[in-house]
Amino acid sequence: MAAIGKIRQHYGLLIIIVGLALLAFVLGDLFKSTGRGRNTTTVAVVNGEKITYQEFNALSENNIEQTKRRNGGNLGQDENLNVRNQTLEQLVREVIMHEEMEDLGLAVSADELYDQFLGDNPNRYVVQNFSDADGNYNKEMVAQYLQNFLDLPVENRQNWLQFENAIREDRLNTKYNNLVKNSFYLPSKLAESMYNDKNEKRSVEVYAVRYNTIADSTVVVEASDKSRFFKENKNRFKTAETRSIDYVTFEIKPSEEDIEASKDYVAQLKNEFAASADVATFVNANSDKKYDSTWMGRKELPAAIEADMFEQEVGFTTEPYDNEGFYSIARLVARADRSDSLKAKHILIAYEGAFRSEAKRTKDEAKALADSLLNVVKSKKGTILSLAEKFSDDPSAKENKGDLGWFTDGTMVPAFNEFVQNGKVGEFGVVETPFGFHVINITDRTDSNPKVRVAVIAHETFASSKTELAVFSEANAFVTASKNQESFDAAAEAQGLVKRTSNSFSAKTSRIQNLPSPRSVVKWAFDSKTKVGSVSNIIDLEGMYVVAILTDIVPEGFMSVDRVAERYDYQIKKEVKGRMLVEKALTYGNDYDKMIGDLKGEKVTVDDLTFSSRSFSNFGNEDKLIGAIAALKEGETSQPIAGSNAMFVVKVTKCTAAPAAKDYSSVISEKRNLFNNIVRNDGVYNYLKMIAEIKDNSLLFY
């Protein structure tokens, strides 16, 4: 049972590590039998296979719960959306990879799966989940668990089946990756060529005219220039479907009347608060924030009350003050000199029923043992560490032998913390906390400083229904006045609103500037009924209303020539400049010195250049030029070349052959490692996904 508990504790982490959407395979099989036919329930279609909302939602909810457990709390809207996107990716991957593996005939037999658990070389995740505290794998524990499988509770059996499927898919994934890795082959002749490319060196004399010597304003870009750039770079301009919008926001902020109402609320409580005998109960009954008994220094208090809390008498209660959106009143509960940092050793003696305790002793037995240990450590100082290692029920004692080291005031449970704070350094004692009885030795403490304990009644200042209605009316007036782009802009100017723009966002977008959780806006923009020029109704987001107008739709595919020309105007102008300079350079014949003199160029020498060089002197990336140089022999001069950042004429002044090599195993090994890294980093899957036919309907569901 301890083993399955460990599996359950780390199952979410296991799913992420194993990869290939392991849990998705389990849930996918479960729901495929229920039918996947209705288009209205199809989240995505991958190579003709449908992913239904039922299976997607089941896996999403499971992954969300696992993520909550790992993060120790609830998820925000952005985090929730991110988990759902990752879940869909899991399911898409399942379809693509299962299709690929079926085509290759890959499978995991029953005997092979058995070996993953009980063979001589068990799966790493089995070893991880069936090892003792010292990391020793316990095969007998696995065998015993399987023998008693039918007697286990239903939940434990389900967890095991999920774990078993995860191991099967991990094994399948490993076989596939090994198959791909072992397909690597690099002929020795090709390895020799690669070796020479990397080690054969050239020195060149360079005549260059940089493009920035020509003002952009003097360059005329013709339609043919745009068309040429588009055709030569077409594959760079494939794009997902995108939308662009203009939008205005109407923040729902508390009015002056709302602020006064919040202030009046706490003001009316002041006298009763000041006279209350049970401060904590009074705060918890009347405040939007729970009572905090933490001792605080000056820097930890709001500036509005800092002076009063350290200068007034205990019991002093402030007037209402504004503190980060809360109107508050504060009462000085206590003042004391306290150390910021404390140091102690302890032995925890737990008992049955204590917090997080697995001990079987009674409370009286625990108290008697703690008192006995106290007598020993007081009479034989220095024994507390060895006794903690032997007797302490604190799990950390196995590593620290009960030595807690330095800890900040207030981080330990109150009774423990106060004993160490108020006792003398070197003192021993027994203290009871919800965890049991602690034998404590105070070992050190920093110098004390004045601190205060303050009770605060805080009332959040929020917008009233009346305020929300007023803001809504303002937004409604804007919508009424906005029929097209011209009237949208005019209404924004008339109402003094800031018009913002969000360009080229996809259906997966989860962030738009100044908009909290903008999925409602994205859904509106991608609705089939929304056309360019459409103005939205009022969209209610967290703390604001939004009105948007759709300004552009870019369908999936290649961008238009005009759009490319607009976006890459600077690059196109550089290409035009390159052709202009090449034409001018040709008129100079071989008089390159005159050329660079007339055209404001420069002459430089570049040494030790190889075909695999990444940059060319201080000209930046010049792949085309480096390729041309590699084809030249010693003494040859190139024709004028339009590079990325300048026009060049180069003369090879020296060629140095690559040093002779006995073999090219190092090149082959280097390329093999590069190939394996590509496989390891999902290079194969990414390619399969790129060529897959995927229809994503997720925007209809979340």
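This chain uses plain numbering: 1 for the first residue, then up along the sequence.
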*Can you check side-chain contact (heavy atoms from CB on, under 4.5 Å) on L152 and Y145, steps first, answer last?*
CA-CA 9 Å; L152 295 173; Y145 193 87; 3.3 Å; yes
*Stepwise side chain to side chain donor-acceptor pair (under 3.5 Å) check, S613 with T610*: CA-CA 5 Å; S613 297; T610 70; 3.2 Å; yes
_Test ring-ring contact (aromatic ring centres under 6.0 Å, His included) on F355 and F435; report intermediate values, then the result._
CA-CA 5 Å; F355 188 57; F435 294 92; 5.2 Å; yes
*Are M97 and L688 close enough, and set up right, to give a side-chain contact (heavy atoms from CB on, under 4.5 Å), and what steps lead you there?*
CA-CA 8 Å; M97 295 309 299; L688 293 173; 4.1 Å; yes
*Check step by step if side chain to side chain donor-acceptor pair (under 3.5 Å) holds for R171 and T174.*
CA-CA 5 Å; R171 177 59 183 161; T174 300; 5.5 Å; no
*Verify side-chain contact (heavy atoms from CB on, under 4.5 Å) between T443 and N441, making sure each step is shown before the conclusion.*
CA-CA 6 Å; T443 55; N441 175 210; 3.6 Å; yes
*Please lay out, stage by stage, how E169 and L172 fare under the test side-chain contact (heavy atoms from CB on, under 4.5 Å).*
CA-CA 5 Å; E169 297 309 326; L172 193 60; 3.6 Å; yes
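Within a 6.0 Å sphere centred on NZ of K139, heavy atoms belonging to other residues, nucleotides or ligands number more than 12. Other residues, nucleotides and ligands contribute at most 12 non-hydrogen atoms within 6.0 Å of the NZ atom of K198. Residue-environment remark: CZ (R356) stays at or below the threshold of 12 foreign heavy atoms within 6.0 Å. In the displayed structure, F149 atom CZ is contacted under 6.0 Å by more than 12 heavy atoms of other residues, nucleotides or ligands. Counting heavy-atom neighbours within 6.0 Å of K380 NZ, excluding the residue itself, gives a total of 12 or less.
With sequence neighbours excluded, no residue satisfies side chain to side chain donor-acceptor pair (under 3.5 Å) with D623. Legend: residues meeting ring-ring contact (aromatic ring centres under 6.0 Å, His included) with Y185, ordered by chain and number and at least two apart, are absent. For the side-chain contact (heavy atoms from CB on, under 4.5 Å) test, residues two or more places apart in sequence or in another chain that qualify with Y351 are A354, R361, K363, A366, E432, F437. Here F184 pairs with L186, I668, K671, R672, F675 under the side-chain contact (heavy atoms from CB on, under 4.5 Å) rule; sequence neighbours left out. Looking at residues two or more places apart in sequence or on another chain, you find a side-chain contact (heavy atoms from CB on, under 4.5 Å) between T242 and T239, S504, V554. The salt bridge (Lys or Arg N to Asp or Glu O under 4.0 Å) test applied to E241 returns R243, not counting sequence neighbours. The ring-ring contact (aromatic ring centres under 6.0 Å, His included) search around F526 returns none, not counting sequence neighbours. A search for ring-ring contact (aromatic ring centres under 6.0 Å, His included) contacts involving Y685 returns nothing, not counting sequence neighbours. Shown here are the side chain to side chain donor-acceptor pair (under 3.5 Å) partners of N400, two or more places apart in sequence or in another chain: S396. With sequence neighbours excluded, the residues forming a ring-ring contact (aromatic ring centres under 6.0 Å, His included) with Y195 are Y664, listed by chain and number. The side chain to side chain donor-acceptor pair (under 3.5 Å) search around D682 returns R93, not counting sequence neighbours. With sequence neighbours left out, R680 forms a side chain to side chain donor-acceptor pair (under 3.5 Å) with N677.
Taking CD1 from I512 and CZ from F505, the interatomic distance works out to 4.5 Å, rounded to the nearest 0.5 Å. Note: F130 CZ to N136 CG = 15.5 Å, rounded to the nearest 0.5 Å. Taking OG of S372 as the start and CD1 of I349 as the end, the distance is 9.5 Å to the nearest 0.5 Å. A distance of 8.5 Å separates OG of S520 from CG of D540, quoted to the nearest 0.5 Å. Considering CD of Q90 and CG of N85, their distance stands at 11.5 Å, rounded to 0.5 Å. One finds the NZ atom of K360 at 5.5 Å from the CD atom of E352 (value rounded to the nearest 0.5 Å).
Neither side chain, Q116 nor D170, offers a donor N or O lying under 3.5 Å from an acceptor on the other. For the residue pair E99 / N47, a side-chain donor-acceptor distance below 3.5 Å is found, with atom types taken as modelled.
Residues R511 and T509 come closest through the heavy atom pair O-CG2, 3.3 Å. When all heavy atoms of V522 and A507 are compared, the pair lying nearest together is CG1-O, 3.8 Å. When all heavy atoms of L113 and I167 are compared, the pair lying nearest together is CD1-CG2, 4.3 Å. Closest of all the heavy-atom pairs between V420 and A344 is CG2-CB, 4.1 Å.
Under the 4.0 Å criterion applied to side-chain N and carboxylate O atoms, E112 and K175 are assigned as salt-bridge partners. Taking a cutoff of 4.0 Å between a charged side-chain nitrogen and a carboxylate oxygen, K68 and E79 do not qualify as a salt bridge. The pair D527-K523 does not meet the salt-bridge criterion, since no charged nitrogen lies less than 4.0 angstrom from a carboxylate oxygen. Ion pairing between a basic and an acidic side chain is recognised when a charged N comes within 4.0 Å of a carboxylate O; R84 and E61 show such pairing.
Side-chain N or O atoms of N82 include none that pairs as donor or acceptor with a backbone N or O of D78 at under 3.5 Å. Remark: side-chain polar atoms of E200 are not paired, donor with acceptor, to backbone N or O of D197 under 3.5 angstrom. Side-chain N or O atoms of N417 include none that pairs as donor or acceptor with a backbone N or O of V413 at under 3.5 Å. With hydrogens and angles ignored, the 3.5 Å screen pairs a side-chain donor or acceptor of N148 with a backbone N or O of Q144. Under a 3.5 Å cut-off, the side chain of T87 and the backbone N or O of V83 do form a donor-acceptor pair. Side-chain N or O atoms of S392 include one that pairs as donor or acceptor with a backbone N or O of D394 at under 3.5 Å. Between the side chain of S357 and the backbone N or O of G353, no donor-acceptor pair lies under 3.5 Å. Looking only at distances, a side-chain donor or acceptor of T530 sits under 3.5 Å from a matching main-chain atom of W524. Judged by distance alone, with hydrogens and angles left aside, the side-chain atoms of T42 form no donor-acceptor pair with the main-chain N or O of A44 at under 3.5 Å.
Separation of the Y702 and F56 ring centroids falls under the 6.0 Å cut-off. When ring centroids are compared, F416 and H346 come within the 6.0 Å threshold.
By the 4.5 Å heavy-atom criterion applied to side chains, K689 and E89 are counted as neighbours. Here the side chains of V92 and I51 are in contact, with some heavy-atom distance below 4.5 Å.
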